Amino acid sequence: SVTYNTLIDGYLRLDNVDKALDIVSLMTQRSVRPDVVTCNILVDALCNRGLLDSAKKLLLEGLEEHNAGNLITSTILIDGCIKHGDMLQALDHWNGISTKGISVDQVVYNVLIKGFCLVSDMKSAHSYLCEMFKKGILPDIVTYNTLISGLLRIGNIREACHMHTKMSLAGLVPDHISYKLIIRGLCLQGDILKAAEHLNKMLSVGIVPEPPVWNLLINGYARCGDISGAYAVKELMLAMGALPNIFTYNALVHAHVKGGELADALLLKQEMLANGIPPDVVTYNMLIHGACKSGNSQYVQYLVRDMLCKGYHCDLITFTELMRCFTLRGKCEEADVLFSKMQKSGLTFDHVPFQLIIKSYCKKGKLAEAYQVYRLMHEMGFVGR
RNA sequence: CAAUCGUUUCUUGUAAACC
């Protein structure tokens, strides 16, 4: 049955459901009894496809055939509930296990802790961690990474860094995920110095960063307007054999737009074309931002035309940027025209355009118009103050 | 005796306001 299970799991991972089911029937034809593992594989596949109810049904049938589930079955179900956004039901299953006195492992705990993290209940997450220790179940890297991710999600970088060191103290070696999480948190926070420290630590223990990590760091420097810092990371990245992609280039463009000259950003645009990585909407949005910042509205127009020529479409941010160009120069009416255009375009909306228009009307003393937009914002379901 | 099943990464980028 091990062979059959391996095949079934393999096909399901490739999303080849028919083939997988073929193997199941082949199994029964040759009177090989599907076992718990078979059951787990199927239940997991159903949960991953959002078919929680079918999974439970399958389990009930399985139980009738004396296939009692094991801890892994329960873990899969609990995780399925969590993915479904139903933490209460997940806890129901968990209580079922605990009351039966089944011995548990760190993986179920990891799943539960993840569940609490996803609903930002870090207090419960932490008390489950304590419970692990009490039961003599040692947390592993996944436990710590889950907690770090949860803490970062609620913006608690301090505690996340704490966890990171705590993990080392517990004798666990932070892996590439631990580093990626912490570097991401620090970069988004604007603490590029600490992020760079972690990069060095990561390199010193021989972990090779994935391209996204390099790009995170370059963007970290870009946010601070530190162009040379950004380029230093890019050079290091190249030296370590990673190739720049569109994200890398955009991060560098970001750095120039934020802390340097538009001209340099435009040079980069040429370099992108030469290297076969054409600028995308995000690149154009940033360039538009730069042109607008330097007061070059002619060039803003040119960029928009250039972008449309290349077959790209304006997205929400393009429109917002263009509106911002108008409002910065006090042209409320033009901004408002663009605003209506945007509404007709069927793009998904955001609160930012409303804020721009309202602020711009207010500055001009046109309170009636501002109020009208404010009301519209409410009608469309954007809560404002 | 061993081998098959479960958990961590919004995988990386651009705009607003507050200040």
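This is a predicted model, so every value here is computed, not measured.
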Contacts of A:Ser228 meeting side-chain hydrogen bond (donor to acceptor under 3.5 Å, both in side chains) (sequence neighbours excluded), chain-then-number -> A:Asp226
Candidates [options] - which lies nearest the side chain of [X]:
X: A:His351; options: B:rG6, B:rU12, B:rA16; answer: B:rA16
X: A:Val2; options: B:rA3, B:rG6, B:rU7; answer: B:rA3
X: A:Pro212; options: B:rA15, B:rU11, B:rA17; answer: B:rU11
X: A:Glu210; options: B:rU11, B:rU7, B:rA15; answer: B:rU11
X: A:Asp105; options: B:rA16, B:rG6, B:rU11; answer: B:rG6
X: A:His289; options: B:rA15, B:rU12, B:rU7; answer: B:rA15

So the ring pair (Phe, Tyr, Trp, His ring centres under 6.0 Å) pairs with at least one residue in residues 222-261 of chain A (sequence neighbours excluded) are A:Tyr231-A:His256
For RNA chain B, which residues in [range] have a heavy atom at a distance below 4.0 Å?
range: residues 219-233 of chain A; value: A:Asn219, A:Arg223
range: residues 181-188 of chain A; value: A:Leu181, A:Arg184
range: residues 147-177 of chain A; value: A:Ser149, A:Ile177

Which whole-number value in Å describes the distance from [X] [atom1] to [N] [atom2]?
X: A:Asp280; N: B:rU14; atom1: CG; atom2: C1'; value: 9 Å
X: A:Ile23; N: B:rU4; atom1: CD1; atom2: P; value: 18 Å
X: A:Tyr179; N: B:rU8; atom1: OH; atom2: P; value: 21 Å
X: A:Tyr11; N: B:rC5; atom1: OH; atom2: P; value: 17 Å
X: A:Asn215; N: B:rU14; atom1: CG; atom2: P; value: 11 Å
X: A:Leu262; N: B:rU14; atom1: CG; atom2: P; value: 18 Å
X: A:Lys359; N: B:rA15; atom1: NZ; atom2: P; value: 15 Å
X: A:Leu112; N: B:rU7; atom1: CG; atom2: C1'; value: 10 Å

Taking every heavy atom of A:Cys187 against every heavy atom of A:Leu216, the minimum-distance pair comes out as SG-O, 3.5 Å
Between A:Val257 and A:His289 the two heavy atoms that sit nearest each other are CG1-CD2, 3.8 Å
Hey, does [X] reach any base, or is it just sugar-phosphate, or nothing, if we go heavy atoms under 4.0 Å?
X: A:Asp350; answer: base
X: A:Val107; answer: base
X: A:Glu321; answer: sugar-phosphate
X: A:Thr6; answer: sugar-phosphate
X: A:Ile76; answer: sugar-phosphate
X: A:Thr320; answer: base

- Query: Counting distance only, does the side-chain N/O of A:Asn48 pair as donor-acceptor with the main-chain N or O of A:Asp44 below 3.5 Å?
  - Reply: yes
Result block: side-chain N/O donor-acceptor pairs under 3.5 angstrom for residues 189-196 of chain A, not counting sequence neighbours:
from	atom 1	to	atom 2	distance (Å)
A:Asp191	OD1	A:Lys194	N	3.3

A correct dot-bracket answer for RNA chain B, with pairs being Watson-Crick or G-U at under 3.5 Å, [ ] for crossing pairs and | for inter-strand pairs, is ...................
Could you list the donor-acceptor pairs under 3.5 angstrom formed by side chains in residues 300-307 of chain A, with sequence neighbours left out?
from	atom 1	to	atom 2	distance (Å)
A:Asp306	OD1	A:Lys310	NZ	3.1
A:Asp306	OD2	A:Lys269	NZ	3.0
A:Asp306	OD2	A:Tyr284	OH	2.9

Query raised in the report: For A:Asp315 and A:Asn285, does a side-chain donor sit closer than 3.5 Å to a side-chain acceptor?
Result: yes
**Request:** Compute whether any side-chain donor of one residue and acceptor of the other, for A:Asn95 and A:Ser98, lie under 3.5 angstrom apart.
**Result:** no
Would you give me the side-chain donor-acceptor pairs under 3.5 Å for residues 160-174 of chain A, sequence neighbours excluded?
from	atom 1	to	atom 2	distance (Å)
A:Thr165	OG1	A:Cys161	O	3.4
A:Thr165	OG1	A:His162	O	2.8
A:Ser168	OG	A:His164	O	3.4

Does A:Gln343, at its CD atom, have more than 12 non-hydrogen atoms belonging to other residues, nucleotides or ligands within less than 6.0 Å? yes
So side chain to side chain donor-acceptor pair (under 3.5 Å) across residues 7-17 of chain A, not counting sequence neighbours, yields A:Asp9-A:Arg13, A:Asp15-A:Arg49
Only distances under 3.5 Å count here; give the side-chain donor-acceptor pairs of residues 354-371 of chain A to other protein atoms, sequence neighbours excluded, each with its distance to 0.1 Å.
from	atom 1	to	atom 2	distance (Å)
A:Tyr361	OH	A:Asp336	OD2	2.5
A:Lys364	NZ	A:Gly330	O	3.0
A:Lys366	NZ	A:Glu333	OE2	2.7

[atom1] atoms of [N] and [M], separation to the nearest Å:
N: B:rU8; M: B:rU4; atom1: C1'; result: 23 Å
N: B:rU11; M: B:rU7; atom1: P; result: 16 Å
N: B:rA16; M: B:rU12; atom1: C1'; result: 22 Å

With salt bridge (charged side-chain N to carboxylate O under 4.0 Å, His left out) as the criterion, how do A:Glu131 and A:Lys134 come out once you've worked through the C-alpha distance, each side chain's angles and the decisive distance to 0.1 Å?
CA-CA 5 Å; A:Glu131 203 177 298; A:Lys134 267 186 224 148; over 6 Å; no
Is there side-chain contact between A:Ile137 and A:Asp105, with at least one heavy-atom pair below 4.5 Å? no
Across all chains, not counting sequence neighbours, the side chain to side chain contact (heavy atoms under 4.5 Å, CB included) partners of A:Thr28 are A:Ser25, A:Pro34
*asked:* With a 4.0 Å limit, can you tell me whether A:Lys180 has a side-chain N or O closer than that to the phosphate oxygens OP1/OP2 of B:rU9?
replied: no
